[in-house]
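To start, the structure itself, in C-alpha coordinates.
Atoms considered below: every heavy atom in the structure, side chains included; atoms not considered: hydrogens, waters and symmetry mates. Atoms within a ligand are numbered from 1 in the order they appear, just like the ligands themselves.
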Amino acid sequence: MIRPDLLLHETPKGLYCPPGDFYIDPVRGAVDRAVITHGHADHARAGHGAVLATPQTLDIMAARYGERFTASRQPLEFGEKVEINGVSVWLAPAGHILGSAQVVVDWRGLRMVCTGDFKRRQDPTCRTFEVVPNTHVFISEATFGLPVFRHPDDRGEMAKLLASVQLFEERTHLVGVYSLGKAQRVIALLREAGYNRPLYVHGALEKLCALYESHGVNLGELRSATLEKGQRGEREQFRGEIVLGPPASFNDEWGRRFPDPVTCFASGWMSVRQRAKQRGVELPLILSDHADWDELTETVLDVDPEELWITHGREDALVRWAELEGRKARPLRLVGYEEEGE
Ligand SMILES: [Zn+2]
Ligand SMILES: [Zn+2]
(Lines give C-alpha, C1' and ligand atoms only; values in the text may rest on other atoms or scores of the structure.)
(Ligands and ions follow the chains in the order given, each with its own letter.)
Protein backbone atom coordinates (compact mmCIF):
# COMPACT_ATOMS: atom_id res chain seq x y z
CA MET A 1 0.00 0.00 0.00
CA ILE A 2 1.22 3.49 -0.79
CA ARG A 3 2.02 5.80 2.08
CA PRO A 4 -1.08 7.78 3.15
CA ASP A 5 0.83 11.04 3.50
CA LEU A 6 1.43 10.94 -0.25
CA LEU A 7 -2.32 11.26 -0.70
CA LEU A 8 -3.13 13.75 2.08
CA HIS A 9 -0.86 15.70 4.37
CA GLU A 10 -0.82 18.86 6.47
CA THR A 11 0.45 22.11 5.02
CA PRO A 12 0.30 25.63 6.45
CA LYS A 13 -2.81 26.25 4.33
CA GLY A 14 -4.57 23.09 5.51
CA LEU A 15 -4.95 19.44 4.53
CA TYR A 16 -3.55 19.04 1.00
CA CYS A 17 -3.88 16.29 -1.62
CA PRO A 18 -0.80 16.46 -3.91
CA PRO A 19 -1.95 14.05 -6.67
CA GLY A 20 -5.39 15.71 -6.84
CA ASP A 21 -3.97 19.20 -6.25
CA PHE A 22 -6.77 20.26 -3.89
CA TYR A 23 -7.18 21.20 -0.24
CA ILE A 24 -9.79 20.01 2.24
CA ASP A 25 -11.17 22.90 4.33
CA PRO A 26 -8.25 25.27 3.73
CA VAL A 27 -8.32 28.02 6.32
CA ARG A 28 -5.19 30.04 5.61
CA GLY A 29 -5.70 32.10 2.50
CA ALA A 30 -7.29 31.32 -0.82
CA VAL A 31 -6.42 28.19 -2.86
CA ASP A 32 -7.15 27.17 -6.46
CA ARG A 33 -9.30 24.19 -5.55
CA ALA A 34 -11.00 23.43 -2.26
CA VAL A 35 -13.22 20.61 -1.07
CA ILE A 36 -15.34 21.92 1.81
CA THR A 37 -16.89 19.67 4.48
CA HIS A 38 -19.47 22.17 5.79
CA GLY A 39 -20.44 25.82 6.04
CA HIS A 40 -19.02 26.85 9.45
CA ALA A 41 -16.59 29.73 9.08
CA ASP A 42 -13.64 27.79 10.48
CA HIS A 43 -13.94 25.33 7.56
CA ALA A 44 -15.48 27.34 4.76
CA ARG A 45 -13.74 30.51 3.66
CA ALA A 46 -14.52 32.78 0.74
CA GLY A 47 -12.18 33.44 -2.17
CA HIS A 48 -11.11 30.00 -3.40
CA GLY A 49 -10.85 29.44 -7.17
CA ALA A 50 -13.14 26.42 -7.17
CA VAL A 51 -15.22 24.88 -4.40
CA LEU A 52 -16.54 21.35 -4.37
CA ALA A 53 -19.15 20.67 -1.67
CA THR A 54 -22.72 19.50 -1.15
CA PRO A 55 -25.39 21.77 -2.71
CA GLN A 56 -26.47 22.73 0.84
CA THR A 57 -22.96 23.80 1.84
CA LEU A 58 -22.58 25.82 -1.36
CA ASP A 59 -25.90 27.56 -0.60
CA ILE A 60 -24.78 28.29 2.96
CA MET A 61 -21.51 29.79 1.71
CA ALA A 62 -23.39 31.95 -0.80
CA ALA A 63 -25.77 33.12 1.93
CA ARG A 64 -22.92 34.09 4.23
CA TYR A 65 -20.29 35.40 1.82
CA GLY A 66 -22.34 36.51 -1.17
CA GLU A 67 -22.95 34.83 -4.51
CA ARG A 68 -19.39 35.49 -5.67
CA PHE A 69 -17.70 33.59 -2.84
CA THR A 70 -15.86 31.47 -5.42
CA ALA A 71 -15.17 31.57 -9.16
CA SER A 72 -16.52 28.07 -9.69
CA ARG A 73 -19.02 26.03 -7.67
CA GLN A 74 -19.06 22.28 -8.01
CA PRO A 75 -22.06 20.72 -6.24
CA LEU A 76 -21.70 17.07 -5.31
CA GLU A 77 -24.56 15.02 -3.89
CA PHE A 78 -23.83 12.45 -1.18
CA GLY A 79 -22.45 9.29 -2.75
CA GLU A 80 -21.84 10.86 -6.17
CA LYS A 81 -18.23 10.45 -7.38
CA VAL A 82 -15.89 12.83 -9.20
CA GLU A 83 -12.35 12.38 -10.45
CA ILE A 84 -9.89 15.18 -9.68
CA ASN A 85 -6.61 14.57 -11.51
CA GLY A 86 -7.05 10.82 -11.14
CA VAL A 87 -8.10 10.97 -7.48
CA SER A 88 -11.66 9.81 -6.82
CA VAL A 89 -13.57 12.04 -4.40
CA TRP A 90 -17.02 11.55 -2.87
CA LEU A 91 -18.97 12.81 0.11
CA ALA A 92 -20.72 10.91 2.92
CA PRO A 93 -23.09 12.44 5.53
CA ALA A 94 -21.39 13.71 8.71
CA GLY A 95 -24.49 14.50 10.79
CA HIS A 96 -23.08 17.84 12.02
CA ILE A 97 -25.23 20.55 10.33
CA LEU A 98 -27.24 20.83 7.10
CA GLY A 99 -25.11 19.62 4.19
CA SER A 100 -22.17 18.54 6.36
CA ALA A 101 -20.05 15.86 4.74
CA GLN A 102 -17.15 13.54 5.28
CA VAL A 103 -14.72 13.71 2.38
CA VAL A 104 -13.75 10.30 0.99
CA VAL A 105 -10.60 10.21 -1.13
CA ASP A 106 -9.73 7.05 -3.10
CA TRP A 107 -6.41 6.64 -4.94
CA ARG A 108 -4.51 3.54 -6.02
CA GLY A 109 -6.38 1.28 -3.63
CA LEU A 110 -5.96 3.62 -0.64
CA ARG A 111 -9.06 5.13 0.99
CA MET A 112 -8.82 8.11 3.34
CA VAL A 113 -11.84 9.67 5.04
CA CYS A 114 -11.82 13.15 6.56
CA THR A 115 -14.82 13.66 8.86
CA GLY A 116 -14.80 17.42 9.14
CA ASP A 117 -16.98 18.04 12.20
CA PHE A 118 -19.40 15.23 13.00
CA LYS A 119 -21.81 13.71 15.49
CA ARG A 120 -23.60 10.36 15.57
CA ARG A 121 -26.95 11.37 17.07
CA GLN A 122 -30.07 11.71 15.02
CA ASP A 123 -30.67 15.37 14.12
CA PRO A 124 -33.88 16.48 12.36
CA THR A 125 -31.96 19.16 10.42
CA CYS A 126 -29.41 16.98 8.61
CA ARG A 127 -28.53 13.54 7.30
CA THR A 128 -27.21 11.14 9.94
CA PHE A 129 -23.50 10.21 9.93
CA GLU A 130 -22.71 7.19 7.79
CA VAL A 131 -19.80 4.84 8.40
CA VAL A 132 -17.67 4.54 5.24
CA PRO A 133 -16.53 0.92 4.84
CA ASN A 134 -13.00 -0.15 3.92
CA THR A 135 -11.40 3.03 5.26
CA HIS A 136 -7.62 2.78 5.59
CA VAL A 137 -7.00 6.16 7.21
CA PHE A 138 -9.71 7.86 9.24
CA ILE A 139 -9.14 11.55 9.98
CA SER A 140 -11.39 12.38 12.91
CA GLU A 141 -12.14 15.64 14.66
CA ALA A 142 -11.82 15.59 18.46
CA THR A 143 -13.45 18.79 19.70
CA PHE A 144 -14.82 16.92 22.74
CA GLY A 145 -12.04 14.34 22.87
CA LEU A 146 -11.85 13.82 26.61
CA PRO A 147 -13.63 11.10 28.63
CA VAL A 148 -15.31 13.79 30.77
CA PHE A 149 -17.36 14.88 27.77
CA ARG A 150 -20.55 12.85 27.68
CA HIS A 151 -23.44 14.74 26.20
CA PRO A 152 -26.91 13.97 27.57
CA ASP A 153 -29.94 13.11 25.43
CA ASP A 154 -31.07 16.22 23.53
CA ARG A 155 -34.74 15.49 24.26
CA GLY A 156 -34.02 15.80 27.97
CA GLU A 157 -32.39 19.20 27.42
CA MET A 158 -35.39 20.44 25.44
CA ALA A 159 -37.72 19.13 28.17
CA LYS A 160 -35.78 21.24 30.68
CA LEU A 161 -36.36 24.33 28.58
CA LEU A 162 -40.06 23.61 28.13
CA ALA A 163 -40.52 22.91 31.85
CA SER A 164 -38.93 26.28 32.64
CA VAL A 165 -41.20 28.03 30.11
CA GLN A 166 -44.22 26.52 31.88
CA LEU A 167 -42.94 27.42 35.32
CA PHE A 168 -41.97 31.04 34.56
CA GLU A 169 -44.87 32.02 32.33
CA GLU A 170 -44.33 35.75 32.92
CA ARG A 171 -40.73 35.71 31.76
CA THR A 172 -39.10 35.57 28.34
CA HIS A 173 -36.77 32.67 27.66
CA LEU A 174 -33.79 34.01 25.75
CA VAL A 175 -32.02 31.06 24.17
CA GLY A 176 -28.46 31.66 22.97
CA VAL A 177 -27.71 29.71 19.79
CA TYR A 178 -25.09 30.05 17.08
CA SER A 179 -26.71 31.15 13.87
CA LEU A 180 -25.72 28.23 11.64
CA GLY A 181 -26.77 24.78 12.75
CA LYS A 182 -27.52 25.14 16.44
CA ALA A 183 -30.35 27.63 15.96
CA GLN A 184 -32.19 25.46 13.46
CA ARG A 185 -31.58 22.28 15.45
CA VAL A 186 -33.00 23.80 18.64
CA ILE A 187 -36.07 24.98 16.72
CA ALA A 188 -36.58 21.59 15.06
CA LEU A 189 -36.14 19.77 18.38
CA LEU A 190 -38.70 22.06 20.05
CA ARG A 191 -41.13 21.22 17.23
CA GLU A 192 -40.41 17.50 17.68
CA ALA A 193 -41.15 17.95 21.39
CA GLY A 194 -44.60 19.27 20.43
CA TYR A 195 -43.99 23.00 20.95
CA ASN A 196 -46.26 24.65 18.39
CA ARG A 197 -46.28 28.30 19.45
CA PRO A 198 -44.51 30.83 17.24
CA LEU A 199 -40.79 31.10 17.97
CA TYR A 200 -39.17 34.53 17.92
CA VAL A 201 -35.79 34.86 16.23
CA HIS A 202 -33.10 37.53 16.13
CA GLY A 203 -32.50 39.05 12.68
CA ALA A 204 -29.10 37.35 12.46
CA LEU A 205 -30.81 33.95 12.30
CA GLU A 206 -33.55 34.71 9.79
CA LYS A 207 -31.63 34.16 6.56
CA LEU A 208 -30.18 30.80 7.59
CA CYS A 209 -33.52 29.61 8.98
CA ALA A 210 -35.09 30.42 5.59
CA LEU A 211 -32.26 28.55 3.87
CA TYR A 212 -32.87 25.45 6.00
CA GLU A 213 -36.59 25.64 5.17
CA SER A 214 -35.78 25.90 1.46
CA HIS A 215 -33.87 22.61 1.86
CA GLY A 216 -36.91 20.90 3.36
CA VAL A 217 -36.28 21.36 7.10
CA ASN A 218 -39.60 22.37 8.65
CA LEU A 219 -39.15 24.94 11.43
CA GLY A 220 -42.79 25.91 12.02
CA GLU A 221 -43.91 29.50 12.55
CA LEU A 222 -41.00 31.90 13.09
CA ARG A 223 -41.49 35.56 13.91
CA SER A 224 -39.06 38.43 14.04
CA ALA A 225 -37.90 39.30 17.54
CA THR A 226 -36.97 42.81 16.54
CA LEU A 227 -38.48 45.37 18.89
CA GLU A 228 -39.51 48.81 17.81
CA LYS A 229 -37.58 51.23 19.96
CA GLY A 230 -39.57 52.94 22.68
CA GLN A 231 -42.68 50.88 22.21
CA ARG A 232 -43.30 49.75 25.72
CA GLY A 233 -46.37 47.71 24.90
CA GLU A 234 -44.37 45.84 22.30
CA ARG A 235 -42.07 44.14 24.73
CA GLU A 236 -44.95 42.75 26.74
CA GLN A 237 -45.80 40.46 23.86
CA PHE A 238 -42.64 38.43 24.59
CA ARG A 239 -43.72 37.40 28.07
CA GLY A 240 -43.97 33.63 28.21
CA GLU A 241 -42.37 33.25 24.78
CA ILE A 242 -39.13 31.69 23.56
CA VAL A 243 -36.72 34.04 21.77
CA LEU A 244 -33.60 32.74 20.00
CA GLY A 245 -30.55 34.82 19.20
CA PRO A 246 -26.75 34.73 19.01
CA PRO A 247 -25.35 34.67 22.58
CA ALA A 248 -23.48 37.94 22.02
CA SER A 249 -26.74 39.78 21.29
CA PHE A 250 -28.04 39.26 24.83
CA ASN A 251 -25.69 41.86 26.27
CA ASP A 252 -26.47 44.53 23.70
CA GLU A 253 -29.44 46.83 23.47
CA TRP A 254 -31.53 44.20 21.70
CA GLY A 255 -31.17 41.65 24.46
CA ARG A 256 -31.74 44.03 27.33
CA ARG A 257 -35.23 44.97 26.19
CA PHE A 258 -36.90 41.68 26.99
CA PRO A 259 -38.87 41.60 30.23
CA ASP A 260 -37.34 39.64 33.09
CA PRO A 261 -35.52 37.14 30.84
CA VAL A 262 -34.38 33.63 31.68
CA THR A 263 -31.01 33.44 29.93
CA CYS A 264 -30.32 30.06 28.33
CA PHE A 265 -27.45 28.90 26.14
CA ALA A 266 -27.51 25.78 23.97
CA SER A 267 -23.97 24.48 23.50
CA GLY A 268 -21.85 21.41 24.02
CA TRP A 269 -19.66 23.53 26.27
CA MET A 270 -22.51 23.96 28.73
CA SER A 271 -21.43 20.65 30.25
CA VAL A 272 -18.56 22.67 31.70
CA ARG A 273 -20.19 24.38 34.68
CA GLN A 274 -17.56 27.09 34.82
CA ARG A 275 -18.33 28.23 31.28
CA ALA A 276 -22.03 28.56 32.03
CA LYS A 277 -21.22 30.54 35.16
CA GLN A 278 -18.78 32.87 33.41
CA ARG A 279 -21.39 33.71 30.82
CA GLY A 280 -24.09 34.27 33.41
CA VAL A 281 -26.29 31.56 31.93
CA GLU A 282 -29.26 30.79 34.16
CA LEU A 283 -30.39 27.69 32.23
CA PRO A 284 -27.54 25.87 30.44
CA LEU A 285 -28.70 23.46 27.73
CA ILE A 286 -26.12 20.85 26.79
CA LEU A 287 -26.59 20.45 23.08
CA SER A 288 -23.61 19.65 20.91
CA ASP A 289 -23.21 19.22 17.18
CA HIS A 290 -19.93 17.40 17.78
CA ALA A 291 -19.38 13.80 18.84
CA ASP A 292 -18.76 13.34 22.56
CA TRP A 293 -16.13 10.93 23.92
CA ASP A 294 -18.34 7.85 23.54
CA GLU A 295 -19.35 8.78 20.01
CA LEU A 296 -15.71 9.40 19.04
CA THR A 297 -14.45 6.09 20.37
CA GLU A 298 -17.46 4.13 19.04
CA THR A 299 -16.93 5.68 15.64
CA VAL A 300 -13.30 4.59 15.54
CA LEU A 301 -14.43 1.05 16.43
CA ASP A 302 -17.22 1.17 13.80
CA VAL A 303 -14.98 2.48 11.02
CA ASP A 304 -12.10 0.27 12.17
CA PRO A 305 -9.39 2.00 10.13
CA GLU A 306 -5.79 0.84 9.84
CA GLU A 307 -4.66 4.26 10.92
CA LEU A 308 -6.31 7.06 12.86
CA TRP A 309 -5.37 10.70 12.43
CA ILE A 310 -6.86 13.15 14.89
CA THR A 311 -7.39 16.83 14.50
CA HIS A 312 -9.28 19.80 15.78
CA GLY A 313 -9.31 19.65 19.54
CA ARG A 314 -8.03 17.35 22.21
CA GLU A 315 -5.92 15.07 20.02
CA ASP A 316 -3.73 13.64 22.76
CA ALA A 317 -6.37 11.82 24.81
CA LEU A 318 -7.83 10.11 21.76
CA VAL A 319 -4.38 9.17 20.46
CA ARG A 320 -3.60 7.65 23.86
CA TRP A 321 -6.92 5.76 23.92
CA ALA A 322 -6.30 4.42 20.41
CA GLU A 323 -2.80 3.27 21.30
CA LEU A 324 -4.12 1.43 24.35
CA GLU A 325 -6.57 -0.26 21.97
CA GLY A 326 -3.57 -1.37 19.90
CA ARG A 327 -4.31 1.06 17.09
CA LYS A 328 -1.97 3.20 15.05
CA ALA A 329 -2.85 6.84 15.74
CA ARG A 330 -1.32 10.26 15.43
CA PRO A 331 -2.31 13.86 15.96
CA LEU A 332 -2.64 16.07 12.94
CA ARG A 333 -1.62 19.60 13.79
CA LEU A 334 -3.80 21.80 11.66
CA VAL A 335 -4.11 25.40 12.65
CA GLY A 336 -7.04 27.74 12.32
CA TYR A 337 -10.00 25.72 13.54
CA GLU A 338 -12.13 27.44 16.14
CA GLU A 339 -15.41 26.54 17.70
CA GLU A 340 -17.96 28.36 15.63
CA GLY A 341 -20.49 25.56 15.56
CA GLU A 342 -20.58 25.17 19.28
ZN1 LIG B 1 -15.06 22.78 13.15
ZN1 LIG C 1 -18.58 22.85 12.35
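- Distances from the Zn ion (ligand 2) to the N/O/S atoms of Asp117 are shortest for OD2.
- The angle His96:NE2 - the Zn ion (ligand 2) - His38:NE2 amounts to 100°, with values rounded to 10 degrees.
- Here the side chain of His290 pairs no donor or acceptor atom with the backbone of Asp117 at under 3.5 angstrom.
- Coordination check, His43 versus the Zn ion (ligand 1): passed, since an N/O/S atom of the residue sits under 2.8 Å.
- Checked by atom type and distance alone, the side chain of Tyr65 pairs as donor or acceptor with a backbone atom of Ala44 at under 3.5 Å.
- Judged by distance alone, the side chain of Glu213 and the main-chain N or O of Leu219 form a donor-acceptor pair under 3.5 Å.
- Taking the Zn ion (ligand 1) as reference, His312 places its N/O/S atom NE2 nearest.
- Inspection of the Tyr212 and Asn218 side chains reveals no N or O donor paired with an N or O acceptor under 3.5 Å.
- Of all the N, O or S atoms in His40, the one closest to the Zn ion (ligand 2) is ND1.
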From CA spacing to verdict: side chain to side chain contact (heavy atoms under 4.5 Å, CB included), Phe69, Val51: CA-CA 9 Å; Phe69 70 91; Val51 172; 4.3 Å; yes

